[in-house]
Amino acid sequence: MKITLMRQDFFALIWAVTMWLNHRKQMKELEIERIFLKEQERQLKATAEQKNQLEALVAERTSEILKQKEELQKALNHLQSTQSQLIQQEKLASLGQLTAGIAHEIKNPLNFVNNFSELSVDFLEEIGEEMAKISDSPEKENILELLEDVKSNLVKIRHHGSRADSIVRSMLMHSRGGTGSMEPTDLNALIREYANLAFHGMRANPKPINVDIKLDFDEKLPQIKLNGEDFSRVILNLVKNSFDAMRDKISALGNEYKAKVEIRTKDLGDQILIEVEDNGPGVPDEIRDKLLMPFFYHQKGHRRYRTWPEYHP
């Protein structure tokens, strides 16, 4: 009986040891599996982080490439625009030389017209003094009336000749340019003169238009120190641009559209305000940011937009 119990205890011990070994083996297997899963999770996380970093790097490089492409495109557009502007400036320079030559040729006979008309008025005054010494008669009255008519005609010739001379002088100054000196200038008179020159130039165009020009000047403006030659180009181009733009609108709307340009000046104390307003179609959005570029020129149909070197008063 004792031997039987000892055998049972021995087998129980072996079974217990076997179960403990199996349990330990299972625990090691679970630990290994846990470590493997943890390592796999770490690798997946590291891979995801690396992927995010690579995507961010690719996005950054792509953005840089696109930015460089835009800069290169802008540089190319600027180069093409500059090339077109230089070509246009050469044309304008040639036209300026031609204008100066024509204006100079016109000025000589115009001087004779103005001088002889003024001299003829003096002669008529002397004739009137001599006629006063003759006794009154119907013939004398007719002669005096004819002399007054001739004098009136000569005054008109002198007036319009002076206007033509002013236009020719403006053309010469505009085409030749100046020394760039800053001199006290009657701003209202300068604007009036060059708005008038632009109007007469437009009327000489093969397709003239009817424009109502209104000048609303502050007559109390002081003399302004500026470069008249350069600033006159600013006024001339602003008014010309308005005329060209309104020509297109007249073609589109016909007689129901009444073109008008208003130029205003105002003394603001430490500044002088100049406003040039028209009721045309306005400046196209695609060129609005280029209007301050020196020598910028754009044409679409009859509409021309031109600038000169940026003016610094």
Side-chain angles (χ1 to χ4, degrees), residues 31-96 177 180 226-227 230-249 251-253 261 264 268 270-313:
E31 180 66 18
I32 292 172
E33 184 177 0
R34 187 183 65 81
I35 294 172
F36 175 77
L37 291 174
K38 187 175 181 180
E39 179 64 21
Q40 189 177 31
E41 183 181 357
R42 185 190 67 79
Q43 291 179 359
L44 289 174
K45 186 176 180 181
T47 302
E49 291 178 355
Q50 193 174 27
K51 178 184 176 183
N52 292 335
Q53 291 176 356
L54 289 174
E55 289 178 349
L57 185 61
V58 169
E60 182 180 355
R61 293 291 185 268
T62 303
S63 177
E64 291 177 358
I65 292 172
L66 291 175
K67 186 177 179 181
Q68 291 174 356
K69 179 184 176 182
E70 290 177 359
E71 291 175 352
L72 289 173
Q73 187 63 45
K74 287 181 181 179
L76 178 61
N77 293 340
H78 181 69
L79 181 62
Q80 292 174 343
S81 176
T82 302
Q83 184 180 16
S84 299
Q85 292 162 21
L86 290 174
I87 294 173
Q88 184 61 33
Q89 183 57 25
E90 290 179 2
K91 293 179 181 179
L92 290 174
S94 299
L95 181 60
L226 51 76
N227 184 328
D230 285 347
F231 193 78
S232 65
R233 295 186 176 96
V234 176
I235 300 301
L236 202 61
N237 284 327
L238 281 174
V239 179
K240 281 183 178 180
N241 290 343
S242 294
F243 291 158
D244 291 337
M246 290 187 292
R247 185 178 286 109
D248 273 356
K249 194 168 181 178
S251 299
L253 300 181
V261 176
R264 298 180 290 270
L268 301 180
D270 57 342
Q271 294 179 330
I272 301 297
L273 175 65
I274 303 174
E275 294 179 318
V276 180
E277 181 180 358
D278 64 68
N279 63 341
V283 181
D285 292 337
E286 63 268 20
I287 66 168
R288 190 168 296 174
D289 59 341
K290 297 188 176 83
L291 288 183
L292 295 180
M293 290 174 56
F295 301 114
F296 172 70
Y297 182 88
H298 172 78
Q299 179 169 350
K300 183 177 182 181
H302 294 121
R303 302 167 69 180
R304 298 178 181 88
Y305 299 90
R306 56 182 78 74
T307 63
W308 290 81
E310 186 176 357
Y311 179 70
H312 298 283

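Predicted model only: the values in this text are computed from it and were never measured.
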Heavy atoms from other residues, nucleotides or ligands near CD of Gln80 exceed 12 (cutoff 6.0 Å): yes
Validation row: Lys69, Gln73 side chains within 4.5 angstrom (heavy atoms): no
Distance (rounded to the nearest 0.5 Å) between Leu238 CG and Asp278 CG: 9.5 Å
Lys/Arg N to Asp/Glu carboxylate O, Glu41 vs Lys38, below 4.0 Å: no
Min side-chain heavy-atom separation Glu60-Glu64 under 4.5 Å: yes
Separation of Leu37 CG from Ile32 CD1 (nearest 0.5 Å): 12.0 Å
Between CG on residue Leu54 and OG1 on residue Thr47, distance to nearest 0.5 Å: 10.5 Å
Closest heavy-atom pair and its distance - Met246, Pro281: N-CD, 4.3 Å
Flag, side chain of Ser63 to backbone of Ala59, donor-acceptor distance under 3.5 Å: no
N-O pairing of Glu39 and Arg42 below 4.0 Å: yes
Heavy-atom side-chain proximity of Glu31 to Arg34 below 4.5 angstrom: yes
Nearest-0.5 Å distance that lies between atom CG in Leu66 and atom CD in Gln68: 9.5 Å
Rounded distance [0.5 Å steps], CG in Leu57 versus CG in Asn52: 12.5 Å
Atom pair CG (Leu44) and CD (Gln40), whose distance is rounded to the nearest 0.5 Å: 5.5 Å
